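What follows is a set of notes on a single structure, which appears directly below.
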Amino acid sequence: MEFEFIPIDYDYFEVNDRTFVRIIGRNSVGKRVCLIDDCDVYFWAILKESVGEKKIKSVMEKIDAIKIRENSKTIKVLKTQLHDKKFLGKDVKAIKIFIENCKYDGKLAEKINFSEIESIKEHDLAYVTRYILEKKVAPLSWYRVGGSVLENSSEFGGIDSAFEDVDLFVRVEKIEKSNKENANFMPKIVAFDIETDEFDVGKGKILMISLVSDGFRKVLTWKKINEKVENVEYFKDEADMLEAFVKYFKKLQPDILTGYFSDGFDLPYLKARAEVNKVKLSLGLDESVPRFSGGMSPRGRINGVVHVDLFKFIDVAYSQYLQSETLGLSDVANELVGEGKKDYEFKHDSKMSSNDWKKFFEYNLQDSLLTYKLFMKAWPDMMEFSRVMQEPLFSVSRDGMSSNVENYIIHNLFRYDEIIESKPGHHEISKRRERERYEGAFVLQPTPKLYENIVMFDFTSYWPSIISTFNLSRSTFLGDKKPKNLKEKDFLEVDISEKNKSKFYFSKAKGFFPLMLEEIIKKRKEYKEEYKKNSTPILKARSNAFKLLANASYGYQGFFGARYYCPQASAATTAISRDFIKEVISKSEKAGFKAIYSDTDSIALEMKTKSKNQALDFLKKINSELPGIMELELEDFYKRGIWVTTRKGEFGAKKKYALINENGKMKIRGFETVRRDWCTLARELQNQVLFRILKEGDEKSALDYAKQVIKKLESRDVEKDKLVIRAQLKKPLSEYVANTPHVTIARKMVKAGMPVDQGMLISYFIAESKDKKALTRDRAFLPDEDKLYDIKYYLEKQILPAVENIFMVFGIDSEDLVREKKQKTLGDF
DNA sequence: GCTTTCGCTGTACC
DNA sequence: ACTGGTACAGCGAAAGC
């Protein structure tokens, strides 16, 4: 039979020591289909350059003859072939070694240690990746499939009878790309969330579980109250509730199960409580229970249903662009779908009234609902990531950007006839981690001042455009000595450091990494243009996927876990970036502008007597002189901007400025306003002060405002939540060497039996103390503790530091401010 | 016993 | 363990006088 099919989930299984891929997806009428297919399994032995044909033949014979015993089975090589391939851009002769089952690739590779062999490659690829590479059956695009239907067949270990919830099993005979439009494929989604009475996984009981799907909302609980609540269903006990969860899940037949933090909390908790209650959590299409793998950060897999932990994807794909201060569900949902959580205060079980429970149920349902909505928002991006990286949703939704870059490379290398480089081993990784640091970007020291009429330019995709233009990569790196066998015009010399005069050399013959990057940047441009004409979420997602890939390419080459690790390319990239931005700075000064500030790829210029058109002409001229795909673009024109000094020094602070454009929109960087570890009072005050100064061009009204706030603070008129300071626990509490206020408070919370987890934001405020020498941490208290806030601390450590170097620009120095403050204090008392 | 320096820690910029 | 370096700032303990 022949039909249209879209792959969603990939996995592999074994029958009689042979590996097969199992692809779950949908056909064009929405039926759930499972394809069974297989592909050749092989790896490569790259031969040393000097090895002659005769020797090659004998090596191949030796490889053909390899046999190993494993569990009373004999494992052998199926066949070998000699190929002309490329490895890291160089021509090589390589033996393609076919084997029966990829789980033996490591053991067989070990046996092939003949002196004629340079190295073994591609023995470390996952079966699913091999399959997608070999058969070109990428996720989430439509295919035309021809094959035979399996019905109660024993051929594949009875797989078709084990998977009850699959409508059709097909052994693939032919599979090729279909013309069917695949832009808006929408799988069936179920979002879930649990509430428990203990934080540690499995320790307490699950009180309730909520499920949300298209047209379906439900809360399952065994905490019965004497009231019927919409969408809430009561059960006898935890076990009954868990059974009902499985039942509803099966009835909904989702393609994807999604939760927020569900790899680390909801799914493992469900599994643990199901085991305790002797309930089979048979969520898999084959009735199997969720499996966990991945040690430190486990990933929960369900056979046939893709489990997506949305948090991980949000972290990788969006966190960079999010304004929200935490990556919690409430903050993220607020920003991305315009809807946050309802406020809910947790109480102890015994203290809860019927009404409290009712609110708890609503809260639980709301979490699933937000997760569901957030998933819908993220889906176009996730789908495009999966299509572009050509890896299954399960991994793409969890992979970091370096894996994404690497997957993109792996799935595109065949176009260059390249053999794929291996992952570094443990030894190699630890060696790489000890490497010397290389110099990074250039940052221009600003002169503190209020400036008028500013233009800001920045380079588009600066580092990627340098990598591509100058061909900086692992396969084009020639070493740190001038190559003797090449003509001057065929290689590039890069000065890495002004200090020790070291140089790196790169070939000018284009390598695959820079070529792929050029393509990525081009595609990003294309899709961005297309999106402007036709604004669909998918086009936006596609353009975004390529943008993120380009941005991550620089970090990838410097990442110790990368297959194509090349810190020399990273060092050359930053070195070249310093040269070009400095050149733009000097050209701008020659053209009559004044360079105020510059960081990495951007430059702020004081227009002086220049018009906007003259600024744009200057931009045009710069661009006409830039090589390759490098491009400088207009960021914006600004009416005013302010740069300040560092806290102590007389010199201008880097990475800290505020601008206002002609529409009155502010752009604030680095100031306490944008830092979450400062109290709201200081942040809001600073924001107002900056706004007034930038809007009006002088400090008068800002100064009045600041005085008002100080007065309010001193007369204890400030609400305590505006004084709460928050800092994140970035590692387990036990690993802290320094006893900072937030660590002290976190330890106090643990003692009080409050949930404290790595990654948590710890809130506290500073209270008065009789002991004049008391350390800050001894005066730190939880926000709900009944203490008087320390006026002196907030004035001297929060309010004044937030504004004093701004006023300093107007000659109002810190001593003036303190005197001002003291006079006020005297007047107030 | 006071001041200065320095390591730890967190956060932001690009 | 899951991109890189640059920069600022607070806190607390050690070092310096």
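These values consider heavy atoms only, across backbone and side chains, with no hydrogens, waters or symmetry-generated copies. These numbers come from a predicted model, not from an experiment. Chain letters run A, B, ... following the sequence lines, proteins first and then strands; every chain starts at 1.
Between A:Phe504 and A:Phe477, the angle of the ring planes goes over 60°, which puts this pair in the perpendicular group of the 30/60° scheme.
A:Pro514 is linked by a side chain to side chain contact (heavy atoms under 4.5 Å, CB included) to A:Asn471, A:Ser473, counting only residues two or more places apart in sequence or in another chain. Among residues two or more places apart in sequence or in another chain, the side chain to side chain contact (heavy atoms under 4.5 Å, CB included) test is passed with A:Lys523 by A:Tyr408, A:Glu519, A:Tyr527, A:Phe546. Residues satisfying the salt bridge (charged side-chain N to carboxylate O under 4.0 Å, His left out) criterion with A:Asp331, sequence neighbours excluded, are absent altogether. Partners of A:Leu782 according to the side chain to side chain contact (heavy atoms under 4.5 Å, CB included) rule, which considers only residues two or more places apart in sequence or in another chain, are A:Ile745, A:Met749, A:Met754, A:Asp784, A:Glu785. A:Lys792 is linked by a salt bridge (charged side-chain N to carboxylate O under 4.0 Å, His left out) to A:Glu796, counting only residues two or more places apart in sequence or in another chain. Applying the side chain to side chain contact (heavy atoms under 4.5 Å, CB included) test to A:Arg777 and every residue at least two apart in sequence or in another chain returns A:Asn739, A:Pro741, A:Thr744, A:Leu775.
Residue A:Ser553 is out of contact with every strand shown, counting any heavy-atom pair closer than 4.0 Å. Residue A:Tyr438 is classed as a sugar-phosphate contact, given heavy-atom separations below 4.0 Å to backbone atoms only. A:Gln557 comes within 4.0 angstrom of no nucleic acid atom, judged by non-hydrogen atoms across all strands. Residue-level contact check: A:Arg432 touches neither bases nor backbone, having no heavy atom under 4.0 Å from any strand. Using a 4.0 Å heavy-atom cutoff across all strands shown, A:Gly558 reaches sugar-phosphate atoms only and no base atom. Residue-level contact check: A:Gly555 touches the bases, meaning some heavy atom is under 4.0 Å from a base atom. Contacts of A:Arg433 with the nucleic acid, taken as non-hydrogen atoms under 4.0 Å apart, involve only primed sugar atoms and P, OP1 or OP2. Contacts of A:Ser570 with the nucleic acid, taken as non-hydrogen atoms under 4.0 Å apart, are absent.
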If you restrict it to nitrogen or oxygen atoms, what contacts under 3.5 Å exist between nucleotides 4-6 of chain B and the protein, and what is each distance?
none

So which protein N/O to nucleotides 12-14 of chain B N/O distances come out below 3.5 Å?
residue, atom, partner, partner atom, Å
B:dA12, OP1, A:Val674, O, 3.0
B:dA12, OP1, A:Arg676, N, 3.1
B:dC13, OP1, A:Gly670, N, 2.7
B:dC13, O2, A:Lys655, NZ, 3.0
B:dC14, OP1, A:Tyr657, OH, 2.7
B:dC14, OP2, A:Arg669, NE, 3.0
B:dC14, O3', A:Asp601, OD1, 2.3
B:dC14, O3', A:Asp601, OD2, 3.4

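A salt bridge between A:Glu768 and A:Lys787 is absent, with no side-chain N of the basic residue lying under 4.0 Å from a carboxylate O of the acidic one. The existence of a salt bridge linking A:Arg398 and A:Glu391 is excluded, since no basic side-chain nitrogen approaches an acidic carboxylate oxygen closer than 4.0 Å. A:Lys797 has no carboxylate O lying under 4.0 Å from a charged side-chain N of A:Glu672, or vice versa, which leaves the two without a salt bridge. Ion pair A:Asp599/A:Lys655 flagged as a salt bridge, since at least one NZ, NE, NH1 or NH2 atom sits closer than 4.0 Å to an Asp/Glu carboxylate oxygen.
Remark: A:Arg578 is not positioned above the aromatic ring of A:Phe442, lacking an NZ or CZ atom under 6.0 angstrom from the ring centre and at most 45 degrees off the axis. At least one test fails for A:Lys667 against the ring of A:Tyr638: distance under 6.0 Å to the centre or angle within 45° of the axis. A cation-pi arrangement, defined by a distance under 6.0 Å to the six-membered ring centre and an angle within 45 degrees of its axis, is present between A:Arg301 and A:Phe394.
Taking atom P in both B:dG10 and C:dC2, one finds a spacing of 15 Å when rounded to whole Å.
Taken residue by residue, residues 728-747 of chain A places heavy atoms nearer than 4.0 Å to DNA chain B at A:Gln728, A:Lys730, A:Lys731, A:Tyr736, A:Val737, A:Ala738, A:His742.
With the end axes of the helix from B:dG1-C:dC17 to B:dC14-C:dG4 each set by five pairs, the angle from one to the other reads 20° at 10° resolution.
Comparing A:Gln445 and A:Phe559 along DNA chain C, the residue whose closest nucleotide (by nearest heavy atom) sits nearer the 5' end is A:Phe559.
Among residues at least two apart or in separate chains, salt bridge (charged side-chain N to carboxylate O under 4.0 Å, His left out) pairs with a member in residues 559-571 of chain A are A:Asp124-A:Arg563, A:Glu406-A:Arg563.
Remark: of the listed residues A:Arg726, A:Arg675, A:Arg676, A:Arg726 is the sole one forming a side-chain hydrogen bond (donor to acceptor under 3.5 Å, both in side chains) with A:Glu325.
Read 5' to 3', the first and last nucleotides of DNA chain C with an atom closer than 4.0 Å to a heavy atom of chain A are C:dA1 to C:dA13.
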